[in-house]
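Input: a single structure, listed below in structure tokens.
The structure displayed is predicted, hence computed values, not measured ones.
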Amino acid sequence: MLDLMPMGFLIHTKQGIIFGNQEAARLLQVRQNEVVGRHFLDFLATHVEEAAKQMEEAFHGRISVEPTEAEVRTNGGPTRTIKLIAGALPWEGNPVVQLLLQDITDLKTIQDRLHLLAVTDELTGAFNRRHAFTIGHRLFDARNAASPRLALAVLDVDHFKRVNDTYGHSAGDAALKMLTQSIQAVIEADPSLNATLARVGGEEFMILLPGMAPEAVHETCEQIRLEIERRHVLSTAGTFQITVSIGVAWRNEMDSSFDILYSKADSALYEAKAVGRNRVCFDDSSQSPSKSRMPT
């Protein structure tokens with residue numbers, strides 16, 4: 001009857017497993033006759049401490065309010081995610097607990113996919129506006145953090161309507177994908193950057209740059225501008241290049257909200273467009289190394 005259960009079932013002493021059903025063996029990725037004598041925690045790749053605490057509480061007759069979700073250590077097979085429910089058994093002498101293992105791998109995959117869809121832009125793969133603003137508000141409010149600096153760059157594709165009118169909207173989509181790839185290439189090249197990239201609408205993007213000195217922010221934004229400028233966009237209608245204008249602002253003591261910071265960066269972006277495009281400009285009230293820098 002225990003082998004017919006749709007959930008993994010283990011009987012466990014403090015020393016190790018004394019029984020495991022077929023489903024438990026499948027989830028733990030070993031033969032059923034290899035389960036006995038092993039310790040359940042040795043099978044886990046994640047959340048080992050939480051599972052150990054839950055088992056210890058079960059040995060003392062307590063049931064945890066929240067089950068433990070953990071990944072099973074794999075020997076080349078597919079990773080499985082299980083939910084652990086532990087409870088005491090009325091066993092005289094040596095304390096024994098029962099462990100129920102529920103396979104939630106497919107459920108976690110669906111949850112992760114839904115979360116990804118909820119926080120990312122479908123076209124470019126960058127974060128979407130809602131998620132980026134959530135992160136921005138959190139970073140802005142972390143005034144007592146060890147690195148209170150927060151810079152925000154807002155960038156916009158120059159003459160994007162001309163791209164769509166000349167090459168078509170599919171080419172415009174290709175340009176936005178290339179732009180995203182260019183920015184991610186710069187960000188990923190420096191592991192110390194804790195940057196957040198998001199598409200906030202149309203051809204406009206934002207980059208959160210926390211904990212960076214103004215000179216480093218300026219250098220990073222210039223690298224992004226140059227990287228986008230040098231790359232070619234490949235489309236069925238032809239090959240072309242794009243440029244971007246970038247506005248940058250830093251949080252200061254006078255800013256009352258992240259929305260104010262965004263507004264300052266947006267104003268700097270419009271200044272960059274007004275003075276010729278394809279350049280980085282800084283908000284007047286920001287602690288920038290220079291107000292603007294012409295492209296080289």
Side-chain angles (χ1 to χ4, degrees), residues 1-120 125 127 131 134-135 138-139 142 144-147 188 191-194 196 210-211:
M1 290 178 62
L2 293 176
D3 277 335
L4 295 176
M5 290 178 60
M7 298 178 67
F9 178 80
L10 299 174
I11 299 177
H12 208 297
T13 67
K14 287 194 174 183
Q15 290 73 37
I17 300 168
I18 60 175
F19 174 81
N21 69 354
Q22 290 181 3
E23 178 63 8
R26 184 188 73 83
L27 291 175
L28 300 179
Q29 303 185 39
V30 294
R31 295 186 179 91
Q32 192 172 2
N33 61 4
E34 296 176 349
V35 174
V36 175
R38 304 277 296 275
H39 199 289
F40 171 69
L41 297 180
D42 293 337
F43 289 100
L44 300 185
T46 62
H47 302 285
V48 178
E49 292 184 3
E50 292 92 327
K53 181 179 179 182
Q54 188 175 352
M55 289 179 63
E56 187 64 27
E57 290 180 346
F59 277 116
H60 289 86
R62 298 188 295 270
I63 299 177
S64 298
V65 177
E66 292 293 334
T68 300
E69 295 182 2
E71 291 184 354
V72 175
R73 194 181 304 277
T74 174
N75 294 320
T79 300
R80 311 301 300 179
T81 305
I82 62 168
K83 178 185 289 185
L84 169 67
I85 303 172
L89 283 175
W91 197 293
E92 294 185 4
N94 194 19
V96 172
V97 296
Q98 63 176 351
L99 306 180
L100 294 177
L101 314 179
Q102 181 183 2
D103 188 354
I104 60 170
T105 305
D106 294 339
L107 177 61
K108 291 294 292 183
T109 299
I110 293 172
Q111 289 177 340
D112 292 343
R113 178 59 180 166
L114 290 175
H115 175 72
L116 184 65
L117 291 173
V119 302
T120 58
F127 286 126
H131 186 64
T134 298
I135 296 174
R138 185 172 68 243
L139 290 172
N144 296 322
S147 298
E188 293 171 1
S192 67
L193 289 180
N194 186 26
T196 299

Practice prompt. Kindly indicate whether the side chain of K14, heavy atoms from C-beta on, has any atom under 4.5 Å from the side chain of E56.
Written response: yes

Worksheet item: Which atoms form the tightest heavy-atom contact between A88 and A58, and what is the distance?
Response: CB-O, 3.2 Å

Worksheet item: For the residue pair G20 and Q32, what are the closest heavy atoms and their distance?
Response: O-NE2, 3.0 Å

Discussion item. Does any part of the side chain of L89, heavy atoms only, come nearer than 4.5 Å to the side chain of V97, both counted from C-beta?
Written reply: no

Fill in: Residues in side chain to side chain contact (heavy atoms under 4.5 Å, CB included) contact with E49, at least two apart in sequence or another chain
none

Item to complete: Please examine the side chains of R38 and V30, heavy atoms only from C-beta on, and report whether any two atoms are closer than 4.5 Å.
Response: yes

Practice prompt. Could you tell me whether the side chain of I135 reaches within less than 4.5 Å of the side chain of H131, counting heavy atoms only?
Written response: yes

Worksheet item: Quick one: does T46's side chain have a donor or acceptor within less than 3.5 Å of a partner on E71's backbone?
Response: yes

Worksheet item: Just wondering, do H39 and M55 contact through their side chains at under 4.5 Å, heavy atoms?
Response: yes

Worksheet item: Measuring from R80:CZ to L101:CG, what's the distance to the nearest 0.5 Å?
Response: 12.5 Å

Fill in: Set of residues satisfying salt bridge (Lys or Arg N to Asp or Glu O under 4.0 Å) with respect to R31, sequence neighbours excluded
E34

Practice prompt. Could you walk me through whether T79 and V72 pass the side-chain contact (heavy atoms from CB on, under 4.5 Å) test, one step at a time?
Written response: CA-CA 6 Å; T79 300; V72 175; over 6 Å; no

Discussion item. I need the T13 OG1 to F59 CZ distance, nearest 0.5 Å.
Written reply: 6.0 Å

Worksheet item: What's the shortest heavy-atom distance between L44 and A51, and which atoms?
Response: CD1-CB, 3.5 Å

Worksheet item: Going from CD on E50 to CG on L41, what distance comes out if it is rounded to the nearest 0.5 angstrom?
Response: 11.0 Å

Discussion item. If the condition is salt bridge (Lys or Arg N to Asp or Glu O under 4.0 Å), which residues does R26 pass it with, not counting sequence neighbours?
Written reply: E23, D103

Practice prompt. Show your working on side-chain contact (heavy atoms from CB on, under 4.5 Å) between Q111 and I104 and close with a plain yes or no.
Written response: CA-CA 10 Å; Q111 289 177 340; I104 60 170; over 6 Å; no

Worksheet item: Distance-only, no hydrogens or angles: does the H12 side chain make a donor-acceptor pair with backbone N or O of L99 under 3.5 Å?
Response: no

Worksheet entry | Beyond-backbone contact of F43 with I17, side-chain heavy atoms, under 4.5 angstrom | yes

Discussion item. Within this structure, what is the OG1-CZ distance for the pair T109 and R113, rounded to the nearest 0.5 Å?
Written reply: 11.5 Å

Discussion item. Test of understanding: with ring pair (Phe, Tyr, Trp, His ring centres under 6.0 Å), list the residues that count as partners of H115, not counting sequence neighbours.
Written reply: none

Practice prompt. Mark yes or no for whether Q22, through its side chain, and L4, through its backbone, hold a donor-acceptor pair below 3.5 Å.
Written response: no

Worksheet entry | Member of N21, L28, L27 meeting the side-chain contact (heavy atoms from CB on, under 4.5 Å) criterion with L10 | L28

Worksheet, complete the sentence: Between Q54 and E66, the two heavy atoms sitting closest are OE1-O, 4.3 Å

Item to complete: Report the residues that fulfil ring pair (Phe, Tyr, Trp, His ring centres under 6.0 Å) with F9, sequence neighbours left out, ordered by chain and then residue number.
Response: none

Worksheet entry | Spatial distance of atom CD (Q15) from atom CG (N94) [nearest 0.5 Å] | 5.5 Å

Discussion item. My understanding is that only residues two or more places apart in sequence, or in another chain, count here; which of them pass side-chain hydrogen bond (donor to acceptor under 3.5 Å, both in side chains) with T81?
Written reply: none

